[in-house]
Amino acid sequence: MSRGPLSAEVAEDEALARLLEEGQTGDIGTVERYGAAADAVVERYGPVDAPAIVLVHGGYFRPGVDRTHSRPQARALAAQGWQVLLPEYRRVPGAACTATEDLAALDARLRGQHVDVRAWVGHSAGGALVLWRALAPELPPVRVVALAPVADFDAAVAQRLGGDAVRDWVGAGPREAPMTYARLDPVRLAARAPEALERIHLVHGTSDASVPVTQTEDFPAARTLVPDAHHFDLIDPASRHWPTVLGLIRG
């Protein structure tokens with residue numbers, strides 16, 4: 001029997017609590033600074049000479065949600081032989097572009113270090129940010145796997161997803177800040193960069209109670225639906241769905 005909306009929410013809360021607990025203990029990786037902002041740090045896991053994945057955490061762009069809950073995922077990917085780069089980035093309400101400024105700085109640093117980045121992988125809000133990374137015309141091509149991404153900002157604002165998370169992050173709605181939405185919204189970016197869409201793969205659980213699967217159903221890129229998976233199943237190495245996600249990250 002499939003879970004109803006309430007049980008999916010409970011399962012997500014329980015999974016997040018466990019991931020946070022696991023993220024606060026054990027290996028935290030090697031911490032490096034990549035910019036001047038306090039949040040401009042990145043944790044490295046796995047062999048430094050291995051092909052790399054940049055892992056961008058979610059949290060609906062809220063300043064109170066950091067990379068801690070993504071550490072179990074980073075460790076699990078490192079155990080598969082990847083070098084994993086788990087960045088922090090600024091999450092400033094009303095100054096949304098600070099996040100992309102930070103990630104662009106990280107991207108430039110990694111290229112300057114000649115790190116062999118094979119993919120950017122992001123979850124939830126981090127999924128929106130890796131879609132930005134794939135679609136930003138000023139940045140070089142990269143493969144992206146977006147896990148349960150916030151992919152449609154207009155719909156997210158209209159549905160007040162995450163307690164009005166996108167509006168709070170941008171500081172205004174699409175009509176009040178059209179230029180900011182044009183720079184950040186994956187749907188708008190995709191319309192202007194069709195050549196990048198072949199390098200994008202979206203993954204979404206059908207039981208996601210945090211970012212509904214409708215967020216990705218019309219996005220013009222490859223998409224895999226994971227039956228009965230909730231929001232945190234896609235980043236939880238203890239989930240029965242993790243092998244599916246791992247296979248999609250491997251490509």
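Count residues from 1 along the sequence.
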Strictly by salt bridge (Lys or Arg N to Asp or Glu O under 4.0 Å), give each pair with a member in residues 197-214 just once, sequence neighbours left out. none
Locate the shortest heavy-atom distance separating Pro186 from Ala128; write the atom from each residue and the value. CG-O, 4.1 Å
Starting from the C-alpha separation in whole Å, work towards a yes-or-no answer on salt bridge (Lys or Arg N to Asp or Glu O under 4.0 Å) for Arg62 and Asp168. CA-CA 9 Å; Arg62 302 291 188 188; Asp168 288 349; 2.9 Å; yes
Angle class for the Phe153/Trp169 ring planes (parallel below 30°, perpendicular above 60°, tilted otherwise)? perpendicular
Salt bridge Asp27-Arg71, side-chain N to carboxylate O under 4.0 Å: no
So do the side chains of Thr100 and Leu184 get within less than 4.5 Å of each other, counting heavy atoms only? yes
Shortest non-hydrogen contact from Leu234 to His204? CD1-CA, 4.1 Å
So that I can tick it off, tell me whether Asp233 and Arg240 are bridged by a salt bridge, with the cut-off set at under 4.0 angstrom between side-chain N and carboxylate O. no
Please examine the side chains of Pro149 and Leu202, heavy atoms only from C-beta on, and report whether any two atoms are closer than 4.5 Å. yes
Main-chain N/O of Asp228 paired to Thr206 side chain as donor or acceptor, under 3.5 Å: yes
With sequence neighbours left out, write down each residue that passes side chain to side chain contact (heavy atoms under 4.5 Å, CB included) with Pro140, or none if nothing qualifies. Asp107, Arg111, Arg133
Over all heavy atoms of both residues, which pair between Arg44 and Leu110 is shortest? Give the atoms and the distance, please. NH2-CD2, 4.0 Å
With distance as the sole criterion, is a donor-acceptor pair present between the side chains of Glu43 and Tyr45 under 3.5 Å? yes
Mind listing the closest non-hydrogen atom pair of Phe219 and Ala190 along with its distance? CZ-CB, 3.8 Å
Can a donor-acceptor pair be found, under 3.5 Å and without considering hydrogens, that links the side chain of Tyr60 to the backbone of Ser210? yes
Ignoring hydrogens and geometry, is there a side-chain-to-backbone donor-acceptor pair from Gln215 to Ala151 under 3.5 Å? yes
A side-chain contact here means heavy atoms from C-beta on lying under 4.5 Å apart; do Pro212 and Leu161 qualify? yes
Donor-acceptor contact below 3.5 Å, side chain Arg250 vs main chain Val245: no
What's the shortest heavy-atom distance between Leu77 and Val84, and which atoms? CB-CG2, 3.6 Å
Could you check whether any side-chain N or O of Glu88 sits under 3.5 Å from a backbone N or O of Arg67, counting only pairs where one atom can act as donor and the other as acceptor? yes
So, do His241 and His230 have ring centers that fall under 6.0 Å from each other? no
What residues, two or more places apart in sequence or in another chain, satisfy side chain to side chain contact (heavy atoms under 4.5 Å, CB included) together with Thr224? His201, Leu248
If every non-hydrogen atom of Ala99 is compared with every non-hydrogen atom of Leu129, which pair is closest and at what distance? CB-CD2, 4.4 Å
Residues pairing under side-chain hydrogen bond (donor to acceptor under 3.5 Å, both in side chains) where one sits in residues 171-194, two or more places apart or in two chains, turn out to be Asp154-Arg188, Asp185-Arg188
Between His123 and Gln73, is the side chain to side chain donor-acceptor pair (under 3.5 Å) condition met? List the steps. CA-CA 11 Å; His123 175 245; Gln73 183 188 16; over 6 Å; no
Should we count CD of Gln159 as having more than 12 external heavy atoms under 6.0 Å? yes
By side chain to side chain contact (heavy atoms under 4.5 Å, CB included) - contacts of Glu101 (at least two apart): Arg90, Cys97, Thr98
Decide whether Glu22 and His69 meet the rule of one side-chain donor and one side-chain acceptor closer than 3.5 Å. no
Test item: Gln83 side-chain N/O and Pro51 main-chain N/O as donor-acceptor pair under 3.5 Å: no
Quick one: list whatever passes side-chain hydrogen bond (donor to acceptor under 3.5 Å, both in side chains) with Thr244, sequence neighbours left out. none
